[in-house]
Amino acid sequence: MTDGSGQERTADIAPLGFEAALARAAELANGQISYALSGVPGPVAAAMRYAVEGGKALRAFMVIEGARVFGIDRQHAAPAAGAIEALHAYSLVHDDLPCMDDDDMRRGKPTVHRKWDETTAVLAGDALQALAFQLVTHTACPADRRLELVAGLAVAAGLRGMVGGQARDIAAESAAKPLTLEEITALQAGKTGALISWSCGAGAVMAGESTGPLRRYGNCLGLAFQIWDDVLDVEGDAATVGKAVGKDADRGKATFVSLLGMEGAKARAQELVHEACTSLDVYGDAADALRDAARFVISRRN
């Protein structure tokens, strides 16, 4: 295996602690996006780079560590990791627009439409979405598996996934009555969970292995992630969370906290993390970083 200059390099598959693995995933994913945008001038490209900066890269981590469980080099999984971070960034840029959630801050800094303008934000989001599909086609695995990754990402990002969940979330703001717990769970499975589930299962797809255990992990983790977001919307402060808090209560929206109570919501998130970790038993110690990621989801402050 060479590093591109003809020099031999060591395979990037050694186990890392959670924080080191998360940092490595961010480095690899952002490197893919930066390379794809290298030499591209203008405000749209600048806004794309800006939108990607400052994220936790948790979805990229799931792609890379899920692949590493099967012995896949982190650098071989890097294009798919870059793809999910680009797609996630696009969703945030559009979600922050005045016609959607109308937010001024994201990741502790002005949202793209505030730093530039709405037109630039729309175009940057569009271009990030397109870039995601460009990147995922470069994943180092057989062509049929790359096609499966592309098709799965399209479903997860579209009306049956993230966009559909977002549409239901917006409709709920003007609905005659608040959503039930079952309805919120289904909504969040699309809005937040679909991309997390794809991220977790991507490594198994690359390896041509069953996606079942990692998908179960991802489904539990996605729901726990959203429950904890609802917790932070009540308990967090804007400076730490990096965006406005308390907006759900102001809008009268039903959330996991409003329906389960604060302690009930926290307990449900903990149950989901336990289920997520248990689903990884088949991978033994190789999945320790993924287990740590699940625990991180319900301890984070932003």
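Residue numbers run from 1 in the order of the sequence given.
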Looking at [X], I'd like to know if its [atom1] atom is crowded, meaning that more than 12 non-hydrogen atoms belonging to other residues, nucleotides or ligands lie closer than 6.0 Å.
X: Asp144; atom1: CG; result: yes
X: His274; atom1: NE2; result: no
X: Lys115; atom1: NZ; result: no

Quick one: are [X] and [Y] in side-chain contact, heavy atoms under 4.5 Å?
X: Glu19; Y: Phe296; result: no
X: Arg146; Y: Val136; result: no
X: Trp116; Y: Val44; result: no
X: Met206; Y: Arg145; result: no
X: His76; Y: Cys141; result: no
X: Leu87; Y: Leu128; result: no
X: Arg291; Y: Leu280; result: yes

Examine [X] and [Y] and state if one hydrophobic cluster contains both, with Ile, Leu, Val, Met, Phe, Trp and Tyr joined whenever side-chain heavy atoms are less than 4.5 Å apart.
X: Leu260; Y: Val234; result: no
X: Leu223; Y: Val297; result: no
X: Leu153; Y: Leu28; result: no
X: Phe18; Y: Leu16; result: no
X: Met162; Y: Leu179; result: no

For Ser34, give me all partners under side chain to side chain donor-acceptor pair (under 3.5 Å), at least two apart in sequence or on another chain. none

So which heavy atom on Leu135 is nearest to which on Pro79, and how close?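 Taking every non-hydrogen atom into account, O-CB, 3.3 Å.
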
Which pair of heavy atoms, one from Ala36 and one from Leu131, lies closest together, and at what distance? CB-CD1, 3.6 Å

How about Asp281 and Thr278: does a side-chain donor come under 3.5 Å of a side-chain acceptor?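 Per modelled atom types, Asp281 and Thr278 side chains form no pair under 3.5 Å.
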
Between Asn219 and Ser197, is any side-chain donor less than 3.5 angstrom from a side-chain acceptor? yes

Distance from [X] atom [atom1] to [Y] atom [atom2], nearest 0.5 Å?
X: Asp229; Y: Gln226; atom1: CG; atom2: CD; answer: 5.0 Å
X: Ile227; Y: Phe256; atom1: CD1; atom2: CZ; answer: 5.0 Å
X: Ile84; Y: Gln32; atom1: CD1; atom2: CD; answer: 14.0 Å
X: Met100; Y: Leu92; atom1: CE; atom2: CG; answer: 10.5 Å

Where do His94 and Asp126 land on the side chain to side chain contact (heavy atoms under 4.5 Å, CB included) test, with the steps shown first? CA-CA 9 Å; His94 281 193; Asp126 290 345; 3.3 Å; yes

Donor-acceptor contact present, side-chain Tyr217 to main-chain Leu290, <3.5 Å: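 Yes; at least one donor-acceptor contact below 3.5 Å.
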
Donor-acceptor contact present, side-chain Asp73 to main-chain Gln75, <3.5 Å: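 Flag set: sc Asp73 to bb Gln75 pair under 3.5 Å.
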
Verdict with reasoning, Arg300 to Leu232, per side chain to side chain contact (heavy atoms under 4.5 Å, CB included): CA-CA 9 Å; Arg300 62 193 169 92; Leu232 292 177; 3.9 Å; yes

salt_bridge([X], [Y]) N-O dist < 4.0 Å:
X: Arg106; Y: Asp95; value: yes
X: Arg168; Y: Glu173; value: no
X: Arg114; Y: Asp96; value: no
X: Arg268; Y: Glu275; value: yes

Please lay out, stage by stage, how Trp198 and Arg215 fare under the test side chain to side chain contact (heavy atoms under 4.5 Å, CB included). CA-CA 8 Å; Trp198 181 90; Arg215 293 282 191 193; 4.2 Å; yes

Could you please spell out the steps behind the side chain to side chain contact (heavy atoms under 4.5 Å, CB included) verdict for Val122 and His113? CA-CA 8 Å; Val122 170; His113 70 277; over 6 Å; no

